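To keep things clear, I will list the structure first and then write my remarks on it.
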Amino acid sequence: MIKNLFKRIKSQKGMSGVLVALLLVIVGVGLVAGVSTFLNNQVNTIQTSANTAINNAVTNASATN
């Protein structure tokens, strides 16, 4: 699929092929940056939830002793 896309871009004459290629690069970089930011936020959320759960478990365990 990607090979066909690059063949189509290369076969176009003039600046439109270059503009399409640049647009695809910009969209690709934006997607990678967005996914990276989303995953980093999810990691932070999971770590916060895990720390809260661990602290609650330790507090409950020490309260029963």
Side-chain angles (χ1 to χ4, degrees):
M1 180 177 154
I2 294 177
K3 288 181 181 180
N4 292 336
L5 182 63
F6 284 125
K7 284 181 186 178
R8 195 179 297 171
I9 290 171
K10 288 180 183 178
S11 69
Q12 292 181 353
K13 304 291 183 201
M15 283 296 286
S16 63
V18 174
L19 293 175
V20 169
L22 286 174
L23 178 65
L24 290 174
V25 168
I26 291 170
V27 168
V29 169
L31 283 172
V32 168
V35 168
S36 176
T37 303
F38 173 75
L39 291 177
N40 284 336
N41 289 340
Q42 292 300 321
V43 166
N44 292 337
T45 302
I46 292 170
Q47 285 177 343
T48 303
S49 297
N51 284 336
T52 302
I54 290 170
N55 288 336
N56 288 341
V58 168
T59 302
N60 289 341
S62 64
T64 57
N65 288 335

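Computed from a prediction, not measured in an experiment: that's the story for all the values here. Residues take their numbers from the sequence shown, with the count starting at 1.
A donor-acceptor pair is defined here as one N or O able to donate and one able to accept, closer than 3.5 Å; no such pair exists between the side chain of Ser36 and the backbone of Val32.
Scanning both residues, Thr59 and Asn55, for their nearest heavy atoms gives OG1-O, 2.8 Å.
Leu23 and Leu31 fall within a single hydrophobic cluster, where Ile, Leu, Val, Met, Phe, Trp and Tyr are joined by side-chain heavy atoms under 4.5 Å apart, directly or via other members. The hydrophobic cluster containing Leu24 does not contain Val27, counting ILVMFWY residues as joined when their side-chain heavy atoms lie under 4.5 angstrom apart, directly or transitively.
Rounding to the nearest 0.5 Å places OG1 of Thr45 at 10.5 Å from CG of Asn40. How far CD1 of Ile46 is from CG of Asn51: 12.0 Å, rounded to the nearest 0.5 Å.
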